[in-house]
Amino acid sequence: MAVFLSRGLELPPAKGDFFVDDDGSVYEDAINRLAEAGITAGCDSDGGLFCPDVAVSRAQMATFLVRSLGLGTPN
């Protein structure tokens, strides 16, 4: 999902490392691009985890798309 959105939206490289649980992942760059673009804030209330091995629900994917395409505020 992170790579799909990052490539499809042609997001620029991230300047920061946003999550501690994606270190060493082949998807870390794409995940950080999503975070820097404001598309994701992570999976925990503190914002330090992305949970890269957890499946994305349709509702979560819809939220990612709303944020990434600027379609308004997700409910």
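One is the number of the first residue; the rest follow in order along the sequence.
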Check: Less than 4.5 Å apart, any side-chain heavy atom of Pro13 and any of Arg33?
Finding: yes

Item checked: Partner of Phe50 under side-chain contact (heavy atoms from CB on, under 4.5 Å), chosen from Phe19, Phe18, Tyr27 -> Phe19

Margin query: Minimum heavy-atom separation for Leu9 and Ser68, please, with both atom names.
Written below: CD1-CB, 3.3 Å

Check: Any side-chain heavy atom of Val54 within less than 4.5 Å of one from Cys43?
Finding: no

Check: Quick one: do Met1 and Ile31 end up in the same hydrophobic cluster if we chain Ile, Leu, Val, Met, Phe, Trp and Tyr together by side-chain heavy atoms under 4.5 Å apart?
Finding: yes

Check: Taking the side chain as C-beta and beyond, is there a heavy-atom pair between Asp29 and Val3 under 4.5 Å?
Finding: no

Next item on the list: Verify the cluster assignment for Val26 and Leu11: are they in a single hydrophobic cluster under the rule of side-chain heavy atoms below 4.5 Å apart?
Entry: yes

Next item on the list: Have a look at Leu65 and tell me which of Leu71, Leu5, Ile39 forms a side-chain contact (heavy atoms from CB on, under 4.5 Å) with it.
Entry: Leu5

Item checked: Side-chain touch Asp22/Asp17, heavy atoms, less than 4.5 angstrom -> yes

Checklist line | By salt bridge (charged side-chain N to carboxylate O under 4.0 Å, His left out) - contacts of Asp44 (at least two apart) | finding: none

Item checked: Shared hydrophobic cluster for Leu49 and Val56 (ILVMFWY, side-chain gaps under 4.5 Å) -> no

Check: Below 4.5 Å, heavy atoms only, C-beta onward: do Glu36 and Asn32 meet side chain to side chain?
Finding: no

